[in-house]
Amino acid sequence: MYALVINNKIEKVFSNPEPFTLNNNQYPAQVFTLWTTEEKQSIGIYEIETDSSKFKDESYYINTNEIFEFKNGKAIRKWGTATGKQLEDVNAVDQNNEPIIQDGKQLVTKGLKSQKISIIKQQASGLLSPTDWYVVKANEVEGYTIPNNIKTFRTAVRTKSNEMEAMINACNTVAQLKTLYEYTGETNPTRPIGEFPKLEVI
């Protein structure tokens, strides 16, 4: 990515090499790949450096639009201060700030916490469903007993799911929620929210 700088101001951003006209002179796209840094800068073409210090995980934050500036002889691409996404559920409203009603009910915009908890529930359900047949068989077949390892596993999944949901609900900021999912450690990376148990095969 390059910038055309005129009078210390970025006039155009080139995402990809392309022909351009400057001071009534036409330049081919090869300028970007074949000319040296000094040659490009002599006509005002600077490679853009990226400053991502304020760019945050888009799963949790809303970033500003890209900002391009020329400063201290460098063309910089950066972002402004990111805003955390909505943590809690909120009632949806229209452009006039009036409640949005669908099928007679208030439409609710789910916050990050509800979204994360929904994923946890789906994961727990996905882990339990392959062993549901043990429970069905135990209810339908007299004398059949669910194997202990299956009972232990199913209980552990539900317990872990409840623990995860409690940790998510306890978060008061987007940063706290994000931290729950961040892995640390090099040999055996772990995250604060933990992992679901695995079924032990006997």
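In this chain, numbering begins with 1 at the start of the sequence shown.
Nearest approach of Asp57 to Lys178, heavy atoms of both residues: CB-CE, 3.6 Å. Across Thr50 and Trp79, no two heavy atoms sit closer than the pair CG2-CZ3, 3.8 Å. Of all non-hydrogen atoms in Ile67 and Gly80, the two that sit nearest each other are CD1-N, 3.7 Å. The heavy-atom pair separating Ala82 from Lys54 by the smallest distance is CB-O, 4.0 Å. Between Gly126 and Ser129, the closest heavy-atom pair is O-OG, 3.3 Å.
Expressed to the nearest 0.5 Å, how far CD of Glu88 lies from SG of Cys171 amounts to 9.5 Å. Taken to the nearest 0.5 Å, the CG atom of Asn148 stands 12.0 Å off from the CD atom of Glu200. For the atom pair Lys78 NZ and Asp51 CG, the distance stands at 7.0 Å (nearest 0.5 Å).
Under the 4.5 Å side-chain heavy-atom criterion for Ile, Leu, Val, Met, Phe, Trp and Tyr, Met1 and Ile10 are members of the same hydrophobic cluster. Hydrophobic clustering (side-chain heavy atoms under 4.5 Å, transitive across Ile, Leu, Val, Met, Phe, Trp, Tyr) groups Ile146 together with Trp133.
Using a 4.0 Å cut-off between charged nitrogen and carboxylate oxygen, Glu47 and Lys40 do not count as a salt-bridge pair.
Evaluated for a ring pair (Phe, Tyr, Trp, His ring centres under 6.0 Å) with Phe14, the options Tyr46, Phe32, Tyr2, Phe68 yield exactly one hit, Phe32. The only option from Ile168, Leu177, Asp89, Ile117 that meets the side-chain contact (heavy atoms from CB on, under 4.5 Å) definition with Leu112 turns out to be Leu177.
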Dump the intermediate steps for side-chain contact (heavy atoms from CB on, under 4.5 Å) on Glu182 and Thr179, then the final yes or no. CA-CA 5 Å; Glu182 293 178 342; Thr179 299; 4.1 Å; yes
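Ring geometry for Trp35 versus Tyr27: interplanar angle over 60°, hence perpendicular rather than tilted (30 to 60°).
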